Structures are given as structure tokens and as C-alpha cells.
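Working notes for the structure below.
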Protein chains: 2
Amino acid sequence: MAETAHQAQIIDGKIYAERLRAQVAEEVARLKADHGLVPGLAVVLVGDDPASQIYVRSKGEKSREAGMHSVTHTLPAKTTQDELMALVAALNADPAIHGILVQLPLPKHLDEKAVLTALDPDKDVDGLTMINAGRLASGLPGLYPCTPMGCMIMLRETVGDLTGKRAVVVGRSVLVGRPVAQLLLAEDCTVTIAHSRTRDLPAVCREADILVAAVGRPRMIRGDWIKPGAAVIDVGINRVPFDDPIKAAEGRTKVVGDVHFKEASKVASWITPVPGGVGLMTVAVLLQNTVTAARRLAGLEI
Amino acid sequence: MAETAHQAQIIDGKIYAERLRAQVAEEVARLKADHGLVPGLAVVLVGDDPASQIYVRSKGEKSREAGMHSVTHTLPAKTTQDELMALVAALNADPAIHGILVQLPLPKHLDEKAVLTALDPDKDVDGLTMINAGRLASGLPGLYPCTPMGCMIMLRETVGDLTGKRAVVVGRSVLVGRPVAQLLLAEDCTVTIAHSRTRDLPAVCREADILVAAVGRPRMIRGDWIKPGAAVIDVGINRVPFDDPIKAAEGRTKVVGDVHFKEASKVASWITPVPGGVGLMTVAVLLQNTVTAARRLAGLEI
């Protein structure tokens with residue numbers, strides 16, 4: 001009798017992101033029809049970093065596709081702090097704008113912290129202000145970072161009820177590790193935060209029913225670090241040389257996650273690939289956050 | 001040969017609090033001598049709750065004993081929101097005041113959240129504003145809640161270097177469990193947050209080199225939940241009937257922690273008693289926070 005090797009179900013980011021964008025578009029249509037409310041997203045780009053330009057264009061396109069009001073402010077690299085602060089103040093005050101995203105990083109002469117402090121936390125759809133970090137840490141409603149929110153959507157739709165599950169988050173970055181730990185706690189997981197100073201990290205990872213990897217070290221998490229049946233969410237995006245030495249010698253690179261996908265998928269129940277996993281959710285969650293912000297600013301939910 | 005039963009070292013809150021207050025008094029004297037800076041604490045009490053009056057009096061006395069400038073504002077129970085907000089604004093603007101503490105709970109007609117939102121986060125020596133919660137959750141300098149800070153002082157002085165230790169926090173309250181977890185993470189512990197929905201809580205507790213109990217359930221954590229050699233910090237304060245049935249029948253009560261002290265002290269290396277443990281640190285940390293706030297507002301540290 002041939003033994004069939006176990007193979008984890010792959011959590012396909014494209015499918016999840018498309019589904020979420022469709023849900024957002026439906027909700028936008030409903031808000032228009034029922035309340036005459038058109039969620040509006042303003043994206044602010046300073047300077048001409050090519051990667052940032054691509055991201056900003058994509059955010060604009062996707063928000064328009066969802067039926068939202070979309071504005072992109074492209075400012076020259078030499079924009080002063082005062083000019084940027086004046087734009088943020090104007091967007092804070094603009095009733096047609098419910099979400100404001102300032103594309104980071106800003107040019108070096110600008111003070112990111114001051115810009116984020118000035119941002120209306122109720123329009124902070126990237127979830128980067130201290131007030132939203134505080135709300136999240138306090139278990140209160142707020143706007144939370146998009147990638148961690150994307151992880152949670154994937155987990156809820158695969159694992160189902162997360163109550164009482166042991167979740168281990170590897171990495172404690174402000175953008176991913178810390179907020180994802182808070183969101184897992186909000187779903188009643190027993191949450192462990194592991195990091196570079198953790199002793200016997202493999203053993204800690206093996207405790208996890210839900211393992212979220214956000215360390216930025218290519219394929220660090222091996223198959224035998226994973227509890228059989230676990231759900232594995234890989235947030236890492238690491239560029240490495242090709243495995244094939246000839247291609248590698250040509251300087252060709254590819255993107256891999258923090259998890260050794262091939263090994264892990266023999267042990268886990270569900271796993272996100274890299275690329276093609278969580279990363280694809282980010283913009284869709286941004287749109288969802290903008291709709292949430294619009295609903296709250298209009299008094300339709302807390 | 002007689003076997004000596006193991007007995008944990010008791011972390012005496014009185015000794016730690018006195019030592020911390022002495023350190024604060026020294027620092028206050030140094031700031032006066034070197035910089036002409038007198039740290040100032042303003043305590044605001046609205047209404048005439050007897051327990052609050054006792055706390056407020058103690059905070060005033062202890063801050064004066066440490067050589068600090070101390071002001072207590074006692075407002076009548078019928079104080080309006082506008083009046084309270086005007087006082088907070090005045091204290092925010094007062095250069096002689098570096099710490100502002102609004103004694104909670106406020107009378108029911110007043111909006112606590114609005115008061116905390118109005119408080120200058122750099123004078124928020126209770127660490128209750130969303131901005132300070134966000135800073136703590138983001139690993140940034142800020143002012144953090146006093147009881148959790150007291151737990152950390154005790155741990156550092158008994159356990160020493162906390163790097164890589166496994167810490168389990170039982171309870172996820174905004175005032176204790178959540179901030180203490182963040183502070184343990186800042187000290188490079190591998191931190192697990194457990195709570196009412198945690199499965200097999202005894203087993204999770206047994207993983208802990210450092211166990212912090214903050215659930216509010218009398219003597220819930222038993223001796224066999226504790227890893228031999230662990231440090232146990234008991235933040236619970238629970239009033240229960242006396243064990244002696246005659247005294248209990250007379251309606252006499254006493255205060256116990258969340259940890260079964262007698263059992264736990266046979267297993268742990270260090271343990272805080274209740275009463276007489278962490279609770280005694282709170283006011284001393286409040287004074288320390290006020291000195292920290294004064295130093296930062298004067299530009300003497302970040």
C-alpha cells in the first residue's frame with residue numbers, strides 16, 4: 001500500500017485577497033445605497049522612490065475598483081515639513097476622506113513621527129499612530145496594521161474559532177510581530193511572543209497550534225519546529241540567491257519566507273506560501289480599514 | 001538526617017518600596033542641586049470616596065517626604081466635566097508640575113476617557129493614556145503603569161538578568177496583565193499571556209521561570225502549577241473569609257493573593273506575599289515616574 005505523504009493545505013493569498021476586496025466592494029455599494037456614504041482614501045506620497053510609486057498606484061487603483069473615493073497626493077521630494085503637515089491637517093478636516101495613508105519611508109529631511117502624531121487616529125488606516133497602538137494593546141476598538149489584520153482573516157477562515165489555541169509569534173517588530181500578538185490575544189488565544197533572545201526557539205515553536213513567523217530570516221523555521229497539524233502564517237519576505245548554483249552564480253535571486261516551506265508543509269495543516277500568501281492581503285485590508293473608518297466616522301458603528 | 005523543607009525567599013514589598021523611595025529622594029536632591037529642578041506631582045481628587053481620599057493623602061505625603069513639590073486638588077463631587085478639563089489643561093501647562101494623577105474612579109457623571117485623552121502623555125505618571133499604552137506596546141520610551149513597573153523592579157533585583165527567561169502572565173487586564181507582559185518583553189523574556197480561555201492553565205504556568213499572577217481569583221494558582229525555582233509575583237488582592245470557621249462565621253475577612261502562597265512557597269525560589277508584596281510598590285513607582293517625567297520635560301533624558 002503506497003503511503004501518501006502529508007501535505008498541508010495552502011492558504012492562497014490571492015483567493016483571500018480577492019474575496020476580501022469583493023466583500024469590501026459590496027459593503028461600499030451598501031453604504032452608498034443606504035447612507036449616501038462613499039468611503040474615501042487619501043494616499044500621500046512624498047518624493048519619487050520607484051517602489052513607493054508602485055505601491056501607491058496599486059492602492060489607488062484597488063480602492064477605485066472597490067467603488068471608493070480615491071485621492072493621491074504626490075508631493076516633490078523637497079516638500080517641507082510644514083507643507084506636509086498642512087496637507088495632513090487638511091485631510092484630517094476633509095469630510096470626504098475617511099482614511100489617510102502616508103507612504104513610508106519619507107525622505108530623510110522629514111519627521112515621520114511628527115507626521116504620524118498629527119494624523120487623526122480615526123483616519124489612520126495603516127494603524128501606525130501611537131493612539132491606535134495603545135487601543136490595540138488595551139483591547140479597544142481602533143484601526144490596526146494591515147498585514148497583522150490579514151493574518152487574522154486567514155486564520156479565522158482556516159482554523160475557525162481560535163479560542164484557547166496556543167499561538168506563538170516569532171518576531172516582535174512594531175509593524176507585524178507585536179500587533180499580530182495583540183490580535184491573537186483579542187481572539188482568546190494563549191499567546192507567546194518569541195524573538196532573537198528566546199532560548200530553545202524550536203521547542204517554543206513546537207508548542208504552537210498557530211505559528212506566525214515574522215523575523216526576516218530566510219527559511220529559519222524548519223519542519224521539525226512545527227507541531228503536527230499547526231496553522232503556519234509566514235510573514236517573512238526575504239530575497240535569497242536561487243538554490244540552483246548556476247542561476248545563483250548569475251546573480252539571480254528569489255523571494256522566500258521565514259519558514260522552510262517544503263519541510264513545514266509536510267507537518268502543518270495549513271500554511272501560507274511566500275510569495276503568494278499574507279503579502280497579498282495588505283492592500284485589501286487597507287480598503288477594509290477605510291470602510292471601517294468611514295462607518296465609524298459616520299456613526300454607523302463604534 | 002532531617003530533611004529541610006524548601007522555602008522560597010520572600011520578596012518583601014516594604015523593603016523594596018522603602019529602598020525605591022530612598023533612591024527617588026536622592027535623585028530629587030540631585031536634580032535640585034545640579035539643575036534647580038524640583039519634580040512636581042499634582043493629584044486630582046473629585047468627590048469624597050473614603051478609599052480614594054486615603055490613597056490621595058498617601059501620595060501627597062510620600063511625594064513631600066521625597067522632597068518633591070506636591071499639590072493636591074480636591075474638587076467637589078458635583079464638579080462639571082468642563083471644570084475638570086480646565087484643571088487638567090492648567091496642570092498640563094504648569095511648568096512646576098511634571099506628573100498629573102487623576103484619582104480614579106471619577107464620579108459617574110464625568111467622562112474618564114475624555115479626561116485621560118486630555119492629559120499630557122508626558123505628565124501621565126499613572127501611564128493610563130492611550131499614547132503611553134501605544135509607546136509601551138511599541139517598545140518606545142514613555143510613562144508606564146506603576147504596579148507593572150513595581151513587578152519589574154522586584155524581578156530585576158531578585159532574578160537579575162531576565163533575558164531569555166520564560167515569563168507567563170496570568171490575566172490580561174489593561175492595568176496589570178497587558179502592561180506587565182510588555183515590560184517583560186522589553187527585558188527580552190519569552191512572554192506568554194494566559195487568561196480565562198487558556199487551556200490547561202496549570203501546564204502553561206509550569207513553563208514559567210517567571211510567573212506573574214493578575215487574575216483576581218483568590219489562591220487560584222496552586223503549588224503544583226509552579227516550576228521549581230520560579231520567581232512568582234502575585235498581583236492579586238482578594239478579600240476572603242478567614243480560614244478559621246469561627247472567625248469566618250463572625251464575618252471576618254482577610255486579603256489573599258491569586259497564588260496559594262503556602263503551597264507555592266514550597267516550590268518557588270522567590271515569591272511576593274499578599275499583603276506586603278507588589279501592592280506596596282505602587283506609590284513609590286509613582287514618585288519614580290514623576291522624577292522620570294521631570295527629567296524628560298527638562299531635557300535631561302529621552
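Worth saying up front: this structure is predicted, and the values here are computed from it rather than measured. Heavy-atom basis, side chains included; hydrogens, waters and symmetry copies ignored. Proteins get letters first, then strands, A, B, ... in listed order; numbering begins at 1 in each.
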(message) For Arg135(A), which atoms come within 4.5 Å of any heavy atom of chain B: side chain, backbone, both, or neither?
(response) both

(request) Under 4.5 Å, counting heavy-atom pairs only, tell me which of Ala181(B), Gly134(B), Ser196(B) racks up the most with chain A. (result) Gly134(B)

(request) Among Thr117(A), Thr129(A), Ile131(A), find the residue that satisfies the side chain to side chain contact (heavy atoms under 4.5 Å, CB included) test when tested with Ile131(B). (result) Ile131(A)

(request) In sequence, state the C-alpha distance, the side-chain angles, and the governing distance for His195(A) and Val191(B), and then conclude on side chain to side chain contact (heavy atoms under 4.5 Å, CB included). (result) CA-CA 10 Å; His195(A) 45 78; Val191(B) 182; 5.8 Å; no

(message) So for Arg199(A), is it side chain, backbone, both, or neither that comes closer than 4.5 Å to the heavy atoms of chain B?
(response) both

(message) Using a 6.0 Å cut-off, check whether atom CZ of Arg197(B) has over 12 heavy atoms from anything other than its own residue.
(response) no

(message) Heavy-atom pairs under 4.5 Å with chain B: which of Val168(A), Val174(A), Leu201(A) has the most?
(response) Val174(A)

(message) Using 0.5 Å steps for rounding, measure from the CG atom of Asn132(A) to the CE atom of Met130(B).
(response) 10.5 Å

(message) Between Arg178(B) (side chain only) and Ala137(A) (backbone N and O only), is there a donor and an acceptor less than 3.5 Å apart?
(response) yes

(request) Mark yes when over 12 heavy atoms from residues, nucleotides or ligands other than Arg217(A) sit less than 6.0 Å from its CZ; otherwise mark no. (result) no

(request) Could you tell me the separation between the CD1 atom of Ile193(B) and the CD1 atom of Ile193(A), rounded to the nearest 0.5 Å? (result) 6.0 Å

(message) If you count heavy-atom pairs within less than 4.5 Å of chain A, which of Ser173(B), Ala194(B), Gly139(B), Gly142(B) leads?
(response) Gly139(B)

(message) Working to the nearest 0.5 angstrom, can you tell me the gap between Arg172(A) CZ and Gln182(B) CD?
(response) 11.0 Å

(message) Tell me which of these, Leu175(B), Asp200(B), Leu185(B), has more heavy-atom pairs under 4.5 Å with chain A than the rest.
(response) Leu185(B)

(request) Select one option (side chain, backbone, both, neither) describing which atoms of Leu136(A) are under 4.5 Å from chain B's heavy atoms. (result) backbone

(message) Under a 4.5 Å cutoff for heavy-atom pairs, which residue among Gly164(B), Ala133(B), Pro121(B) has the most contacts with chain A?
(response) Gly164(B)

